S.K.: 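The structure's right below; bear with me while I get my questions together.
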Amino acid sequence: NLTIGIIGGGQLGRMLAMAAARLNHRTIVLEPQADCPAAQACNDQIVAAYDDEKALAQLASRCDVVTYEFENVPVAAAEKLSASVPVYPPAQALSASQDRLTEKRFLNDCGIPTADFHAVDSQEELEAALAAFGGKGVLKTRRMGYDGKGQRLFRGGEDLAGAFAALGGVPLILESFIAFEREISIIAARFRDGTVTCYDPAENVHLNGILHTSTVPAALSDAARGIAVQSAEKLLAALEYVGVIGIEFFVLPDGSLVANEMAPRVHNTGHWTEAACVISQFEQHIRAVSGLNPGNTDRHSDCIMTNLIGDDINDVPAWLSKKDCLVHLYGKTEARPGRKMGHVTQLLHTGKA
Ligand code: ATP
Ligand code: MG
Ligand code: MG
C-alpha cells in the first residue's frame, strides 16, 4: 500500500481516491478549492494552487507516486515533480494533449488520422483558413477548452468580422468540419511493463457540447474496433504512458475513424465501467500507476451511462427507483447549469439467462 498524490480535486479525483482506498492506498489531493468533490474521499488535501512550489515539494516528499485527474496540470509542475517522485502519466502526455495543435500533430505522427487543421493566430489567418475549407469548419481555442467551451462552428456565409477576438484573441485552431455518423471513445490503460488493456468502445452523444450519454457496446464494425485499439496502442507506446487514457473518435459514414482528441486521465465516457465491469477505469488507473497487475476489462452487461447535469440532479429519486441503475453523485451542493453533478449507469441486462 502506497501513498498516491492526485493533482486536481474534482469528481475524477474523487473517484480515483475511492478506488485507491479499496486497495488500501492512501491519497493526498492537491487542489486549491477546500470543499472540492475529492475532499470527502481522500485521506488528506493540500489546499494550494497546482503550481505552488511549496505544495509540490510537499506532495513529492509525502507520496510514493503522483498522478492527476485533469489534462491542464502545468507541464513545468509535472516535470519538476518527476525529478523527485514518479509521475504517471508522464509529463510528455500533458504536453501532447494540452494544446489541440500539438495534439493533432502528435496523433498524425502516430499514423492516426484527424480532421485537417490550420493554426489561427489572427483575424487574417482565420479568414484565410476558413476560405481554404470553403467557409466551413470548427474554430477552437487551442488550450483549456472543455464541454465544447471556446468553440464556434462555421457553416459558410457567416459575417467573420471580430470572430478571432470573440474567442478571446488567444491562439486558435480551425478544424475541418467532420460530418460524422456517430462518436465513440476508447478507454485504454498502459502498465509499467508495457501491457495495454482496452475497454470496449462506448458510443457517445453530446447535448449542448456536454457529454449526455455513453452506450456500450457502440454500433461499430469489428474492423473499426480493431483500429481504435491499435490507435490506442500506438500512441500509448509513443508516450511511454502509464495509466488510463481516453481517446475520442468520429465514425464516418464509411465506417472509418478520425481521432478528435485524447485526455491523459480517466474519462467521463468510461464511467460506465464501474457498473458493467468488475474492474473500473478508476481501479485500472490506480493499478497502473501503483505498479499492480492489469485488471480484466471484460464487460458483464451492456449499459448506458447518463450524465446528471445541473438540474438533472432532481431526477435522482426517479433513477434510484429504477432497476439495475448505479447512481454516482459527486458531492457538489450547488447545481449550476452545465455543471456535472453525477452520473447513472443503467445495465441493459443483468447477465441472467
Ligand atoms: P470534451 O468535453 O470532450 O473535452 P471539448 O470541449 O474538448 O470536449 P471537442 O471534443 O473537441 O471539445 O468537441 C466537442 C464536440 O463538438 C465533439 O464531441 C463533436 O460533437 C463536436 N465537434 C468537435 N470538433 C468537430 C469537428 N471538427 N467536426 C464536427 N464536429 C466536431
Ligand atoms: Mg476535450
Ligand atoms: Mg471531446
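No experiment lies behind these values; they were computed from the predicted model shown. Whatever order the structure lists them in is the order used to number ligands and atoms, beginning at 1.
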S.K.: Could you check whether Lys149 makes a cation-pi contact with Tyr146, meaning its NZ or CZ is under 6.0 Å from the centre of the six-membered ring and within 45° of the ring axis?
M.R.: yes
S.K.: To the nearest 0.1 Å, how far is atom 13 (O) of ligand 1 from its closest protein heavy atom, and which atom is that?
M.R.: Gln151 NE2, 3.2 Å
S.K.: By number and element, which atoms of ligand 1 are closer than 4.0 Å to a non-hydrogen atom of Tyr146?
M.R.: 2 (O), 5 (P), 6 (O)
S.K.: Test Ile184 against Leu257 for side chain to side chain contact (heavy atoms under 4.5 Å, CB included), laying out the working first.
M.R.: CA-CA 9 Å; Ile184 62 136; Leu257 296 184; 4.2 Å; yes
S.K.: Would you call the rings of His343 and Tyr330 parallel, tilted or perpendicular if under 30° counts as parallel and over 60° as perpendicular?
M.R.: tilted
S.K.: From the options Phe250, Phe249, Phe117, Phe177, select the one whose nearest heavy atom is closest to atom 31 (C) of ligand 1.
M.R.: Phe250
S.K.: Could you point out which residue of Glu175, Glu103, Glu261 forms a salt bridge (charged side-chain N to carboxylate O under 4.0 Å, His left out) with Lys140?
M.R.: Glu175
S.K.: Could you measure the distance from the CD atom of Glu69 to the NE2 atom of His285? Nearest 0.5 Å is fine.
M.R.: 10.0 Å
S.K.: Should the proximity of Val138 to ligand 1, defined as any heavy atom under 4.0 Å, be assigned to the side chain, the backbone, both, or neither?
M.R.: side chain
S.K.: In terms of atom number and element, which parts of ligand 1 are under 4.0 angstrom from non-hydrogen atoms of Ile178?
M.R.: 26 (C), 27 (N), 28 (N), 29 (C)
S.K.: Using the rule that two of Ile, Leu, Val, Met, Phe, Trp, Tyr join whenever any of their side-chain heavy atoms come within less than 4.5 Å, decide whether Val85 and Leu2 are in one cluster.
M.R.: no
S.K.: Over 60° means perpendicular and under 30° means parallel, so tell me whether Trp272 and Tyr199 are parallel, tilted or perpendicular.
M.R.: perpendicular
S.K.: Is there a heavy atom of Ser176 sitting under 4.0 angstrom from any atom of ligand 1?
M.R.: yes
S.K.: Going by the order shown, which atoms of ligand 1 are within less than 4.0 Å of some heavy atom of Glu248?
M.R.: 3 (O), 10 (O)
S.K.: Give me the residue, atom name and distance of the protein heavy atom closest to atom 8 (O) of ligand 1.
M.R.: Glu261 OE2, 3.4 Å
S.K.: Please write down residue, atom name and distance for the protein heavy atom closest to atom 2 (O) of ligand 1.
M.R.: Asp147 N, 2.8 Å
S.K.: Tell me which N, O or S atom from Glu261 is the closest to the Mg ion (ligand 3).
M.R.: OE2
S.K.: To the nearest 0.1 Å, how far is atom 30 (N) of ligand 1 from its closest protein heavy atom, and which atom is that?
M.R.: Phe180 CE2, 3.5 Å
S.K.: Assess the residue pair Asp44 and Arg26 against the criterion (salt bridge (Lys or Arg N to Asp or Glu O under 4.0 Å)); give the C-alpha distance rounded to whole Å, side-chain angles, the decisive distance to 0.1 Å, and a yes or no.
M.R.: CA-CA 9 Å; Asp44 200 3; Arg26 291 176 48 80; 5.6 Å; no
S.K.: Show the numbers, then the answer: is there a salt bridge (Lys or Arg N to Asp or Glu O under 4.0 Å) between Glu53 and Lys80?
M.R.: CA-CA 9 Å; Glu53 305 234 335; Lys80 195 154 186 209; 2.7 Å; yes
S.K.: Are any non-hydrogen protein atoms located under 4.0 Å from atom 15 (C) of ligand 1?
M.R.: no
S.K.: Nearest to the Mg ion (ligand 3), which N, O or S atom of Glu248 do we find?
M.R.: OE1
S.K.: What residue and atom, counting heavy atoms only, is the protein's closest point to atom 24 (N) of ligand 1, and at what distance?
M.R.: Lys140 NZ, 2.9 Å
S.K.: Determine whether any protein heavy atom is located less than 4.0 Å from atom 26 (C) of ligand 1.
M.R.: yes
S.K.: Between CD1 of Ile173 and CG of Asp99, what distance do you get to the nearest 0.5 Å?
M.R.: 7.5 Å
S.K.: Can you list the steps and then say if Ile186 with Phe249 is a side chain to side chain contact (heavy atoms under 4.5 Å, CB included)?
M.R.: CA-CA 8 Å; Ile186 190 162; Phe249 296 90; 3.8 Å; yes
S.K.: Side chain to side chain contact (heavy atoms under 4.5 Å, CB included), that's the test. Do Met305 and Val344 meet it? Break it down for me.
M.R.: CA-CA 6 Å; Met305 189 282 317; Val344 185; over 6 Å; no
S.K.: Heavy-atom distance to atom 19 (C) of ligand 1: which of Arg100, Glu183, His206 wins?
M.R.: Glu183
S.K.: Give a yes/no on ligand 1: does Gly148 have at least one heavy atom closer than 4.0 angstrom to it?
M.R.: yes
S.K.: At a non-hydrogen distance cut-off of under 4.0 Å, which region of Asn268 contacts ligand 1 (side chain, backbone, both, or neither)?
M.R.: neither
S.K.: Which atoms of ligand 1 are found less than 4.0 Å from any heavy atom of Gly145?
M.R.: 6 (O), 7 (O)
